[in-house]
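This is the structure I want to talk about, given as structure tokens.
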Protein chains: 2
Amino acid sequence: MPHKLIIFEDNARLRQSLELLLNDEKTFRVMASYPDCRNAIEAIEETAAELIVMDIDMPGMNGVEGVKMIKSTYPDVKVVMHTVFDDDTRIFDSICAGADGYLLKNTSPLQLIRSLEEVMEGGAPMSPFVAQKVFQHFRTQPILNDDFNLTPREKEVLELLVKGNSYKMIANTCSVSIDTVKRHLQNIYHKLHVNCGTEAVAKAIRHRIV
Amino acid sequence: MPHKLIIFEDNARLRQSLELLLNDEKTFRVMASYPDCRNAIEAIEETAAELIVMDIDMPGMNGVEGVKMIKSTYPDVKVVMHTVFDDDTRIFDSICAGADGYLLKNTSPLQLIRSLEEVMEGGAPMSPFVAQKVFQHFRTQPILNDDFNLTPREKEVLELLVKGNSYKMIANTCSVSIDTVKRHLQNIYHKLHVNCGTEAVAKAIRHRIV
DNA sequence: GAAACAATACCACTTTTGGGCGGGGGAGGA
DNA sequence: TCCTCCCCCGCCCAAAAGTGGTATTGTTTC
């Protein structure tokens with residue numbers, strides 16, 4: 001049984017091309033296509049679509065907003081972005097909004113079909129350039145986890161501290177005396193090269209110890 | 001001209017299979033393969049490798065460490081992880097360590113070759129399941145910056161607190177009395193719905209207020 | 001078997017923190 | 001104009017945080 005799909009794309013010629021390309025396949029059936037996504041919810045209801053190909057630059061409501069709207073009502077409907085934009089903002093906004101894939105418009109027809117199949121199998125297809133951006137994003141953000149030679153117990157105490165527990169509460173949770181907690185924290189502070197709890201919490205989160 | 005590649009894989013049979021599979025292609029030439037990556041740097045020097053297929057679970061030094069080492073010396077050599085592990089930690093650690101791709105071992109031979117070609121063209125190939133994890137990571141991580149209606153002054157005080165300053169130091173930096181600092185922090189705690197400094201620091205960092 | 005370390009605990013002590021209550025001056029909107 | 005909000009300052013007080021020292025037990029490591 002072919003997957004029911006709908007298309008949002010404001011360029012009429014491209015829209016028709018996509019329709020032709022994708023309807024041809026046994027795996028997909030294009031139920032409808034629209035020049036904008038303002039009435040996306042109704043469109044999904046009428047067509048019982050399982051898969052959506054979504055442009056970003058459209059009149060009225062842009063694709064990122066569209067995804068957000070669709071996903072809040074139909075979280076299980078797959079949405080694949082299909083756009084010329086390859087800037088960080090649009091890519092990451094789309095992903096955060098709930099897109100299940102991000103394809104650039106220079107994707108070959110064959111690859112496009114393969115990617116749509118992939119998304120129906122639970123994958124998250126993206127164009128190579130997009131994938132590269134995503135990888136870069138990971139490498140810039142997080143400071144490496146240095147561990148700081150914390151013992152398991154110390155990590156446990158530190159985690160509880162980060163959660164906002166007082167010494168007394170930590171002692172209680174760990175079933176040890178409050179003085180032991182103090183001792184642990186003292187050691188932790190030395191190992192992290194900090195002087196107080198707030199600093200330790202900041203460092204712990206920033207270095208992904210917790 | 002085929003791309004020179006080397007393989008790190010501790011399973012002898014799989015290593016040989018990979019060698020056969022990849023050497024067959026006109027686009028790749030397997031220069032060597034090794035059961036561990038302790039001498040990766042020398043291996044690259046000797047073979048002038050441009051591309052590396054890297055297992056994770058290996059004796060001596062694991063693949064994530066390996067990538068880190070390789071990338072710190074040869075940032076332009078492409079490294080693709082090839083492993084059975086599909087847990088968040090290994091995936092994200094690998095990416096952060098500098099991996100250019102992450103393929104699971106259930107990848108079909110054809111797909112494997114295609115992915116290696118993709119990485120040589122500047123892409124970042126990953127198995128569908130991995131891609132999905134990556135997408136999920138974006139959606140869970142960045143909690144929206146809610147602002148919490150903090151006034152400029154309160155933000156300033158909060159920032160100083162996050163940096164590990166004591167009340168007294170904050171008072172000094174802001175040239176106000178310590179009691180004013182207390183008052184500000186009390187208002188901040190209320191606005192963030194927390195009860196103490198450590199919790200406020202955690203929330204501030206997690207919500208990207210600072 | 002000694003040395004090192006993790007984890008536990010107690011004591012004494014100082015400083016910091018956080019909560020509560022009060023009030024004043026200035027800027028901006030209903 | 002009055003009201004609200006931001007920013008500022010002060011005092012009191014109890015609780016929590018942080019520092020120092022000493023010591024015991026078990027495990028691991030050399």
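In what follows, chains are A, B, ... by sequence order, proteins preceding strands, each numbered from 1.
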- Between dC7(D), dT19(D), dC10(C), spot the one nearest the side chain of Arg153(B), thanks.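 From the listed options, dC7(D) comes nearest.
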- Item | Listed nucleotide nearest any side-chain atom of Tyr189(B), set dG18(C), dA9(C), dC12(D) |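 When the side chain of Tyr189(B) is considered, dG18(C) is the closest of dG18(C), dA9(C), dC12(D).
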- Item | Closest to the Lys182(A) side chain, choosing from dC13(D), dA17(D), dC7(D) |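 Of the candidates, dA17(D) comes closest.
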- When we call it a touch if two heavy atoms are under 4.0 Å apart, what does Thr180(A) touch: a base, just sugar-phosphate, or nothing?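 Base contact - Thr180(A) has a heavy atom under 4.0 Å of at least one base atom.
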- Message: Is there, by distance only and without an angle test, a donor paired with an acceptor across the side chain of Asp179(B) and the base of dC8(D) below 3.5 Å?
- Response: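 Answer is no: no donor-acceptor pair is held.
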- Message: Nearest to the Lys191(B) side chain among dG10(D), dG18(D), dC6(D), which nucleotide is it?
- Response: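 The answer is dC6(D).
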- Message: From the set dC11(C), dC21(C), dG19(C), return the single nucleotide nearest to any side-chain atom of Arg183(B).
- Response: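 Side chain of Arg183(B) sits closest to dC21(C).
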- Query: Which of these nucleotides, dG18(C), dC8(D), dT17(C), is closest to any side-chain atom of Ser166(B)?
  - Reply: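 Ranking dG18(C), dC8(D), dT17(C) by closest atom to the Ser166(B) side chain puts dT17(C) first.
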- Phosphate oxygens OP1/OP2 of dG18(C): is one of them under 4.0 Å from a side-chain N or O of Gln186(B)?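 No, outside the criterion.
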- Of the candidate nucleotides dA6(C), dT8(C), dG18(D), which contains the atom at the shortest distance from the side chain of Thr151(A)?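 The answer is dA6(C), which lies nearest to the side chain.
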- Item | SB check Asp87(A) Arg90(A) (cutoff 4.0 Å) |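 The answer is yes: the pair qualifies as a salt bridge.
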- Message: I want to check one thing: is the phosphate of dT16(C), taken as OP1 and OP2, less than 4.0 Å away from some side-chain N or O of Lys168(B)?
- Response: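 Result: yes.
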- Side chains of Tyr74(A) and Glu50(A): donor-acceptor distance under 3.5 Å anywhere?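 Checked: Tyr74(A)/Glu50(A) side chains show no N/O donor-acceptor pair below 3.5 Å.
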- Item | From dG18(D), dC11(C), dG10(D), nucleotide with atom closest to Cys196(A) side chain |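 Nucleotide nearest to Cys196(A)'s side chain: dG18(D).
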- Lys105(B) and salt bridge (Lys or Arg N to Asp or Glu O under 4.0 Å): which partner among Asp55(B), Asp86(B), Asp57(B)?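 Of all the options given, the one that passes is Asp55(B).
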- Taking only N and O in the side chain of His184(A), is any of them less than 4.0 Å away from OP1 or OP2 of dT8(C)?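 The answer is yes; a side-chain N or O of His184(A) sits under 4.0 Å from OP1 or OP2.
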